[in-house]
Number of protein chains: 2
Amino acid sequence: MTTTTGDQALIKRMNTAIVLEAILRDAPLSRANISELTGLNKATVSSLVQDLIDHQLVRETGTGASSGGRKPVMLEFVATAGYAVGIDLGVNYLRGVLTDLRGAVMAERTLPLNEAQPEEVFGVLRPFVQELIDETPASPFGIVGIGVGVPGLVDRQGTVLFAPNLDWRDIPLRDALNRTFGIPVLIDNEANVGAIGEQKYGIGRGISNMVYVSVGIGIGTGLILHRELYKGESGFSGEMGHLSIEANGRPCRCGNRGCWELYASEQALLERAAEDGIAGGLDELLAEAENGNAAVREMFAEIGRSLGVGIANIVNVFNPNAVLIGNRMSRARVWIEDALRETVEQRALNFHLRNVRLLYAELGERSAVMGAAETAIAAFFVRLRSA
Amino acid sequence: MTTTTGDQALIKRMNTAIVLEAILRDAPLSRANISELTGLNKATVSSLVQDLIDHQLVRETGTGASSGGRKPVMLEFVATAGYAVGIDLGVNYLRGVLTDLRGAVMAERTLPLNEAQPEEVFGVLRPFVQELIDETPASPFGIVGIGVGVPGLVDRQGTVLFAPNLDWRDIPLRDALNRTFGIPVLIDNEANVGAIGEQKYGIGRGISNMVYVSVGIGIGTGLILHRELYKGESGFSGEMGHLSIEANGRPCRCGNRGCWELYASEQALLERAAEDGIAGGLDELLAEAENGNAAVREMFAEIGRSLGVGIANIVNVFNPNAVLIGNRMSRARVWIEDALRETVEQRALNFHLRNVRLLYAELGERSAVMGAAETAIAAFFVRLRSA
DNA sequence: AAACTTAGTTTATTGGATAGACAAACTAAC
DNA sequence: GTTAGTTTGTCTATCCAATAAACTAAGTTT
């Protein structure tokens, strides 16, 4: 095995990435600005910028204001140099976006999903993706990739190992899509892409250690540690829905007892409501709470407390800068927020509480689909860097 | 803020590190071997090796066997180019080692600690470290650093924020030692250095994702993720002893309820034994179990089950390649192992169980002190790289 | 208009990696 | 003993990215 050794090409790639990232973050920027910002020599910046312009990733946008000298030529990233497709494959819906390289949404589609059979889903998914692709404007790089979030375990090869709510096992989703469209495809767990979405485009922007808790039918988690998505040994992790919070609690179908999601998920809420004779889904319960139904409000508070128990654990284990509640339950924020915060404050270690913020998804139901697009964009930039 | 940009010096540092690591890993090695192994040109390797020889970090050890041509000149790392001091500052003991740069123990000392007052501990610690330093043979780099593991929370500045069992708060241990000895000092939590010790010198060698569970009076954890020690936002994390496994369990002094260490630590064992009128410490209980005392054996099994509950959680959250039981309770391995494994197998997700191994500290009570020395050695290599 | 400022390019230099030539030192075959 | 072939490690000329410094361009201030 050969380690990647250092040579001049590596340096150029590194410095090009530094320049590009500066432009991405702080555009519009002049060459002189970049030189000062990065510490690179003006001549170096000029040369690297020229390369980026040649590759159509950067363009000049006219002159900026002078402060007593020659006017600077401002540069910006050409966000429309390429486009990405993001797909959120839900249990009973399909959501897709077409974004530019900055994550600006160009087109969006949703579709209810009735069938969960892999073949049927493929049959719907293919034209769904194709329609998004058809809307892509002409651009130098075209569609740079397709990112997909799925409600299940995914291995490094993009195979859906197990998706209980779809009843999928060992479905080679990446290969299937890759064969159809001939462009890079990235598959990941719904909570992982949700975490990425919020960290890049949502309330989690710039936070280096955060835990995204996706509270839907079940509970999933995406871990951002040191600004990177953490994946365990097999490429999947974050099954914190099956963190046991009651060692001798109710048995879970996973084999464990007292799993968190038995107490704190949408499913748990609906079951609890059904016991009290309140039928309907989350929407109906939210409406009831809005109408002043005290029993329902208490149910939400109870969910908040149960979420708090698990989140206190998470805070103690990871000492993150933020814990972010995402997915459908984030809509119940007003009804769960106080109970949740109180529980966490009671139960988490003081030293860790100092730094942690309890946040709610800013992108709402779009966290996952935006994160899916972002994985495709990020993979494109990685390819650029090594080319 | 200026990002570290790429220049030729960076290349040289990178490649020097690659060469040195190859020699560290696979010595004895010839220049030709290194060239083939790393992909670096022969001339480049020659030049970099010469620099390393000039810096006394590498030496030639004579010729190797020929396979039909000129005999190779074999190279090895000069492990005795410098030495490191590792200190395990326990609640009632002090353990110290002097190691060479490869972690070979040159000298070792232990001392009982009766006083826990910071000033008293300093009074004992200073001469203790000095005696280890006095045993150092002459070498080009001398003592490259002092690593210390402490039973408490440590911030990035090496201040012991809180050590409940020593009753320490905000003790600037690094500064104190640094002023005395004038060499780099690194302070970290006992479980963190224990994890490092086992990952570098013990049973965890080469494992990229592992969780070290230090089971002593309390329970601490060290997380090795992607081959690196994970530290949370504030520089400390892994307070998994206060992972709640019973949402409505016994209140813990940390504010939470049902904390893991209330059920699975040495303290929990001793309290349980005291209830049954069995006095004494872990040693006595181990002797009783050895003598066939069924009640005591059951107590150990119960600890094993409680450990298993928490470890199943850890496995589900991190999907690590190994979970490693360390510190004092690792001595009870035979009495807890079966109950622990069965509990984990029942409770952890199947997908995660496939890859996880349940291991026991190989260095026993030396995990922490060896890890402490290793942190000093690692910091030395980092300094080398940037110089 | 002269003096000063700032932006961006050009030029000569530095320094690390490299390919390929080479000398040294060995083995193997005859 | 001679010759051919192999392997090791060094030497040399070359390449290339970054850089400092000089320079051109294009403004503002007095």
For this session: Return the set of residues passing side chain to side chain contact (heavy atoms under 4.5 Å, CB included) with B:Pro72 (not counting sequence neighbours), or none when no residue passes.
Result: B:Ser30, B:Met74
Exercise. Among residues 61-78 of chain A, which contact DNA chain C at a heavy-atom distance under 4.0 Å?
Worked result: A:Ser67, A:Gly68, A:Gly69, A:Arg70, A:Lys71, A:Pro72, A:Val73
For this session: Go through the structure and list residues passing salt bridge (Lys or Arg N to Asp or Glu O under 4.0 Å) with B:Asp51, not counting sequence neighbours.
Result: B:Lys12
For this session: Give a yes or no on whether a donor-acceptor pair under 3.5 Å exists between the nucleobase atoms of D:dA20, that is its base, and the side chain of A:Asn41.
Result: yes
For this session: Please check the phosphate of D:dA18 (OP1 and OP2 only) for any side-chain N or O of A:Asn15 closer than 4.0 Å.
Result: yes
Problem set entry | Nearest-angstrom distance from the residue atom CD of A:Gln50 to P of C:dT9 | 7 Å
Exercise. Do you know which of B:Ile224, B:Leu225, B:Leu223 makes side-chain contact (heavy atoms from CB on, under 4.5 Å) with B:Met210?
Worked result: B:Ile224
For this session: May I have all residue pairs that pass salt bridge (Lys or Arg N to Asp or Glu O under 4.0 Å) and include part of residues 56-69 of chain A, sequence neighbours excluded?
Result: A:Arg31-A:Glu60, A:Arg59-A:Glu76
For this session: Would you check if A:Val49 and A:Ile53 make a side-chain contact, meaning some heavy-atom pair closer than 4.5 Å?
Result: yes
Problem set entry | A:Gln50 CD: over 12 foreign heavy atoms closer than 6.0 Å | yes
Seminar exercise, completed: B:Leu10 atom CG is separated from D:dT19 atom C1', nearest whole Å, by 15 Å
Exercise. Base, sugar-phosphate alone, or nothing: which one does B:Ser46 contact when heavy atoms must sit under 4.0 Å apart?
Worked result: base
Exercise. C:dA25 C1' sits how many Å from B:Arg31 CZ, rounded?
Worked result: 15 Å
Exercise. Heavy atoms under 4.0 Å, any strand shown: does B:Ser35 hit a base, just sugar-phosphate, or nothing?
Worked result: nothing
Exercise. What do you reckon, are the aromatic ring centroids of A:Tyr230 and A:Phe318 less than 6.0 Å apart?
Worked result: no
Exercise. Given atom CG of B:Leu52 and atom P of D:dG9, what is their separation to the nearest angstrom?
Worked result: 15 Å
For this session: Using a cut-off of strictly less than 4.0 Å, decide whether B:Thr44 has a side-chain nitrogen or oxygen near OP1 or OP2 of C:dG16.
Result: no
Exercise. How long is the line joining CG of A:Asn33 and C1' of C:dG8, in whole Å?
Worked result: 12 Å
Exercise. Could you give the NZ-to-C1' distance, from B:Lys42 to C:dG16, as a whole number of Å?
Worked result: 19 Å
Problem set entry | Nearest-angstrom distance from the residue atom CE of B:Met14 to P of C:dG15 | 20 Å
For this session: Measure the angle between the two terminal helix axes of the helix from C:dA1-D:dT30 to C:dC30-D:dG1, five base pairs each, and quote it to 10°.
Result: 10°
Problem set entry | Geometric class of the A:Phe380/A:Phe141 ring pair [parallel <30°, tilted 30-60°, perpendicular >60°] | perpendicular
Seminar exercise, completed: A:Leu48 CG to D:dT19 C1', in whole Å, measures 12 Å
Problem set entry | Atom of A:Gly149, atom of A:Val193 and distance for their closest heavy-atom approach | CA-CG2, 3.8 Å
Problem set entry | Side-chain touch B:Ile87/B:Val129, heavy atoms, less than 4.5 angstrom | yes
Are any protein N/O atoms closer than 3.5 Å to N/O atoms in nucleotides 12-16 of chain D? If there are, list each pair with its distance.
from: D:dC16; atom 1: O4'; to: A:Gln8; atom 2: NE2; distance (Å): 3.3
from: D:dC16; atom 1: O2; to: A:Gln8; atom 2: OE1; distance (Å): 3.1
from: D:dC16; atom 1: O2; to: A:Gln8; atom 2: NE2; distance (Å): 2.4

Exercise. Which sits closer to the 5' end of DNA chain D, A:Ser47 or B:Ala32, going by the nucleotide each is nearest to?
Worked result: B:Ala32
Problem set entry | Separation between CG of B:Asn33 and CD1 of B:Ile23, rounded to the nearest 0.5 Å | 10.5 Å
Problem set entry | Closest contact, heavy atoms only, A:Thr16 versus A:Leu48 | OG1-CD2, 3.5 Å
